[in-house]
Protein chains: 2
Amino acid sequence: MTTIRKIVSHNLRILRGVRGMSQEDLSAIAGIDRTFISDIENAKYGTSIDRLESLAGALGVATWEMCHPQTADRIRKQADADASAATSGKPAPPH
Amino acid sequence: MTTIRKIVSHNLRILRGVRGMSQEDLSAIAGIDRTFISDIENAKYGTSIDRLESLAGALGVATWEMCHPQTADRIRKQADADASAATSGKPAPPH
DNA sequence: ATGTAGACTTACGTCGACG
DNA sequence: ACGTCGACGTAAGTCTACA
């Protein structure tokens with residue numbers, strides 16, 4: 001029974017990692033307190049759709065993707081593919 | 001610049017209409033106060049992801065679909081297709 | 001059946017500090 | 001760079017009542 005809190009929590013942490021941001025970085029860009037981002041990632045609190053929109057914008061995804069169970073995996077695999085393509089000298093996929 | 005409040009507001013109202021529910025019906029099923037549902041539909045307030053999850057469950061969609069800009073249209077067209085199929089005696093599509 | 005208003009409670013959200 | 005604690009303010013959420 002994966003709740004929406006767990007989904008958002010997971011997407012947020014993974015996505016932030018892929019973007020190479022610290023909680024402090026994300027805090028500065030999204031305009032949300034760092035300690036609160038920590039709370040969300042640990043599913044201590046749920047958040048409002050307004051804050052979710054700010055976080056999504058800062059992470060470069062749509063708001064609904066923050067609620068989708070497979071966003072974390074999708075973005076992570078895409079980042080992996082891009083990275084290995086860069087290493088092998090191939091051009092990056094156009095998305 | 002369509003904000004997440006507008007999207008949720010719109011999806012909620014359309015989806016509820018397609019399901020043939022009043023605000024009172026939805027209130028009873030989702031366990032959320034009727035007047036607050038009214039506020040959300042009029043985008044007076046944003047809501048939390050926890051309440052959004054309850055509303056989505058009561059409406060038979062995933063939570064992320066409540067945040068998606070095209071959910072209202074998608075569901076409405078599907079309902080239309082199902083209705084006309086029923087009228088013409090054809091079997092309902094398997095989705 | 002819906003929108004709004006007021007009074008009220010609680011969960012969200014900010015801030016400073018410590019390990 | 002992250003988790004947590006305490007104190008505090010505000011927006012979310014409930015309930016009753018009226019149009």
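Letters A, B, ... are given to chains in the order of the sequence lines, protein chains preceding strands, and every chain is numbered from 1.
- Protein atom CZ of B/Arg13 is 9 Å distant from nucleotide atom C1' of C/dT2, rounded to whole Å.
- Taking only side-chain nitrogens and oxygens, A/Ser38 comes nearer than 4.0 Å to OP1 or OP2 of D/dG3.
- Here the straight-line distance linking atom CZ of A/Arg19 with atom CD1 of A/Ile29 works out to 11.0 Å at 0.5 Å rounding.
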| query | Going 5' to 3' along nucleotides 9-19 of chain D, which nucleotides have protein heavy atoms under 4.0 Å from the base (write B), which only from the sugar-phosphate (write S), and which from neither (write -)? | reply | ---SSSBBB--
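- B/Ser27 places a side-chain N or O within 3.5 Å of a backbone atom of B/Ile32 that can act as its donor or acceptor partner.
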| message | Would B/Asp80 and B/Arg76 count as a salt bridge (charged side-chain N to carboxylate O under 4.0 Å, His left out) here? Give the steps. | response | CA-CA 6 Å; B/Asp80 285 353; B/Arg76 209 181 55 72; 3.3 Å; yes
| said: Could you go through A/Ile4 and B/Leu52, starting from their C-alpha distance and side-chain angles, then the distance that decides it, and tell me whether this counts as side chain to side chain contact (heavy atoms under 4.5 Å, CB included)? | reply: CA-CA 9 Å; A/Ile4 185 61; B/Leu52 198 63; over 6 Å; no
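- A salt bridge links B/Glu41 with B/Arg16: at least one charged nitrogen is closer than 4.0 Å to a carboxylate oxygen.
- A/Asp39 places no side-chain N or O within donor-acceptor distance of the main-chain N or O of A/Tyr45, the cut-off being under 3.5 Å.
- Checked by atom type and distance alone, the side chain of A/Asn42 never pairs as donor or acceptor with a backbone atom of A/Lys44 at under 3.5 Å.
- Summarising the geometry, the separation between CD on B/Glu41 and C1' on C/dT4 is reported as 15 Å, rounded to the nearest angstrom.
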| message | Would B/Arg5 and A/Glu53 count as a salt bridge (charged side-chain N to carboxylate O under 4.0 Å, His left out) here? Give the steps. | response | CA-CA 9 Å; B/Arg5 269 195 206 201; A/Glu53 186 174 37; over 6 Å; no
| Dot-bracket for DNA chain D: what is it, with Watson-Crick or G-U pairs under 3.5 Å, [ ] where a pair crosses earlier ones, and | for a pair to another strand? | .||||||||||||||||||
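- When the P atom of C/dA11 is taken as reference, atom CD1 of A/Ile4 falls 19 Å away, rounded to whole Å.
- At a threshold of 4.0 angstrom between heavy atoms, the contacts of A/Gln23 are confined to the sugar-phosphate backbone, with no base atom among them.
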